[in-house]
S.K.: 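Sharing a structure here in structure tokens format.
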2 protein chains.
Amino acid sequence: MAARKGAGVLELAVLGLLHESPMHGYELRKRLNVLLGMFRAFSYGSLYPCLKQLLADGLIVEDRPEEPGTPLALQSRRSKIVYKLTADGKERLQRLLTEAGPASWEDEGFGVHFAFFSHTRADVRLRILEGRRSRLEERLESVRAALARTRERVDSYTLELQHHGLESVEREVRWLNELIGRERAEQEQQARRYENKQDKPRDRGR
Amino acid sequence: MAARKGAGVLELAVLGLLHESPMHGYELRKRLNVLLGMFRAFSYGSLYPCLKQLLADGLIVEDRPEEPGTPLALQSRRSKIVYKLTADGKERLQRLLTEAGPASWEDEGFGVHFAFFSHTRADVRLRILEGRRSRLEERLESVRAALARTRERVDSYTLELQHHGLESVEREVRWLNELIGRERAEQEQQARRYENKQDKPRDRGR
DNA sequence: TTCGTCATGTAATGGGTTACATGATTAC
DNA sequence: GTAATCATGTAACCCATTACATGACGAA
């Protein structure tokens, strides 16, 4: 119980990766930094405390590969600790993937949420993509407006920076548009398939 | 004195903006979020403490526009507080702009440093641009390598994300290449002009 | 006179990094 | 046997955010 505000993106990322396969911390970090390499990088200083917390919450369990017959003397030698999701952990992951709040379309969270889209419900995927898009469009609009108001006296470097920034964001919006288009098409196809399964195909075509 | 690790990017941004013209906090934040709107946004919760600190350090002074003739009774009514740089502040700004350390090419710092390039020495500009570029190229290489190793079994969304990430970074690298080219050309032109001022143009053309 | 924006601030919190410390395993 | 990498962890700190609280000022 106890609401637990959650450890932000890291928690989702860790649960998501562990859902695919059990892993130890070091490998987890590597995979994390490949998965999100272009956007962010986590350090051990945040990863291990996060694992500790997840463990305490019973969302993961550790599997220390100590051979049962090992003599006591060697029992304590530190070794790889493989973590895997518990049932609670899976549940938690599912909830995190379904609650598509603002956090899932802000810069920090979007990438992580996107990375696990294949485990996310289609309608939630769409919500996240659209949320992200409108977030970016807000930003574009506000910057464009401010830019128009203060067109006077701006040195060329500032202009260059803003220009590049605008283009980057516009590019991401186009990318999102494409993804949203694909998602919608897929959803419609799904709907048609469903419709066909029912007999009496009344009211075809919208 | 007292080394003062500095308040990160915000300090530079505030000093830089105040160097262009005195301003009060509210306006400062607005300008900040136009200047860097595409990359980040600061809140009052960080801005005002920063101003307070800069004030304490004597890098800025506040100018409360209280008319000299105002009756004492009205003296304390809160009003706009305009800040402006002191001589120490200008010195500090200059130092921040000249010390082109790693912070100036990491994601958080690059935009801010770039925004004030027109007040930055040409050689420092080049160092920052090149530092940024090699930082991004490192990232590209490490992600590409990891991608090649784990090409097997990756779901299409992860792939899509990484693809988009790679393209974005590649695009920024191209942008940097262009900027670096321009900077170099300008520097050479400058050098030629200098050379021409000297008589005896010995050793022309490298 | 009330609503929206301008304007200034503080306290609690947060999510993360850096730097450090240690030990195991592998390749040479 | 030693250097590099794998592997786990902690403590101190940092920069900024959120949420809150206050108040001035102009327009409807």
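Worth saying up front: this structure is predicted, and the values here are computed from it rather than measured. Each chain gets a letter, A, B and so on, in the order the sequences are listed, and its residues count up from 1.
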S.K.: Within this structure, what is the CD-to-P distance between B/Gln53 and C/dT8, rounded to whole angstrom?
M.R.: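 Taking CD of B/Gln53 and P of C/dT8, I get 18 Å after rounding.
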S.K.: Do the side-chain N or O atoms of B/Tyr26 get closer than 4.0 angstrom to the phosphate oxygens (OP1, OP2) of C/dC6?
M.R.: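 Indeed, a polar side-chain atom of B/Tyr26 lies that close.
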S.K.: For the pair made of CG in B/Leu12 and C1' in D/dA16, what is the distance, rounded to whole Å?
M.R.: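 In whole Å, D/dA16 C1' and B/Leu12 CG are 16 Å from each other.
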S.K.: Within this structure, what is the CD-to-P distance between A/Glu11 and C/dG15, rounded to whole angstrom?
M.R.: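 For the pair A/Glu11 CD and C/dG15 P, the rounded distance is 10 Å.
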S.K.: Does A/Arg40 reach a base, just sugar-phosphate, or nothing at all? Heavy atoms under 4.0 Å.
M.R.: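 Sugar-phosphate: the residue A/Arg40, judged by heavy atoms under 4.0 Å, touches backbone atoms but no base.
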S.K.: Is the number of heavy atoms from other residues, nucleotides or ligands within 6.0 Å of NE2 (A/His163) greater than 12?
M.R.: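 Open.
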S.K.: How many Å lie between CZ on A/Arg64 and P on D/dA7, as a whole number?
M.R.: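 My rounded result for the distance is 15 Å.
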S.K.: Would you say a side-chain N or O of A/Ser46 is under 4.0 Å from OP1 or OP2 of C/dT17?
M.R.: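 Checking C/dT17 against A/Ser46, a side-chain N or O does come within under 4.0 Å of OP1 or OP2.
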S.K.: If only side-chain N and O atoms of B/Lys80 are considered, is one of them under 4.0 Å from the OP1 or OP2 phosphate oxygen of D/dC25?
M.R.: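 Checking B/Lys80 against D/dC25: no side-chain N or O falls below 4.0 Å of OP1 or OP2.
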S.K.: How do B/Lys52 and B/His24 order along DNA chain C: which one's closest nucleotide is nearer the 5' end?
M.R.: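 Its nearest nucleotide being more 5', the pick is B/His24.
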S.K.: For A/Leu12 versus A/Phe116, what's the shortest heavy-atom pair and its separation?
M.R.: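 Of all heavy-atom pairs spanning A/Leu12 and A/Phe116, the closest is O-CE1, 4.0 Å.
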S.K.: Where each residue is assigned the nucleotide of DNA chain C containing its nearest heavy atom, which of A/Phe42 and B/Pro49 is assigned the position nearer the 5′ end?
M.R.: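 Checking each residue's closest nucleotide, the 5'-ward one belongs to B/Pro49.
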S.K.: For A/Asn33 and C/dG16, what is the distance between atoms CG and P respectively, to the nearest whole Å?
M.R.: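 So the CG-P distance, A/Asn33 to C/dG16, works out to 13 Å.
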S.K.: Can you check the A/Leu55 CG to D/dT8 P distance for me, whole Å?
M.R.: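 Spelled out: CG on A/Leu55 to P on D/dT8 is 13 Å.
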S.K.: Within a 6.0 Å radius of atom CD on A/Glu138, are there more than 12 heavy atoms belonging to other residues, nucleotides or ligands?
M.R.: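 Yes - once you tally the heavy atoms of other residues, nucleotides and ligands closer than 6.0 Å, there are more than 12.
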S.K.: Taking it one step at a time, do B/Ser168 and A/Arg171 satisfy side chain to side chain donor-acceptor pair (under 3.5 Å)?
M.R.: CA-CA 9 Å; B/Ser168 298; A/Arg171 199 177 144 274; 3.1 Å; yes
S.K.: Just call it for A/Gly45: base, sugar-phosphate, or nothing, with non-hydrogen atoms closer than 4.0 Å on any strand.
M.R.: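 Base contact.
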S.K.: B/Tyr48 OH to D/dT17 P: how many Å, rounded?
M.R.: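 Spelled out: OH on B/Tyr48 to P on D/dT17 is 14 Å.
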S.K.: Do the rings of A/Tyr26 and A/Tyr44 sit parallel, tilted or perpendicular, given the 30° and 60° boundaries?
M.R.: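 Judged by the thresholds at 30° and 60°, the geometry between A/Tyr26 and A/Tyr44 is parallel.
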S.K.: Any side-chain N or O of A/Tyr44 less than 4.0 Å from the OP1 or OP2 oxygen of D/dT8?
M.R.: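 No.
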S.K.: Could you state the atom-to-atom distance from CG of A/Leu54 to C1' of C/dG15 in whole Å?
M.R.: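 One finds 14 Å between C1' of C/dG15 and CG of A/Leu54, rounded.
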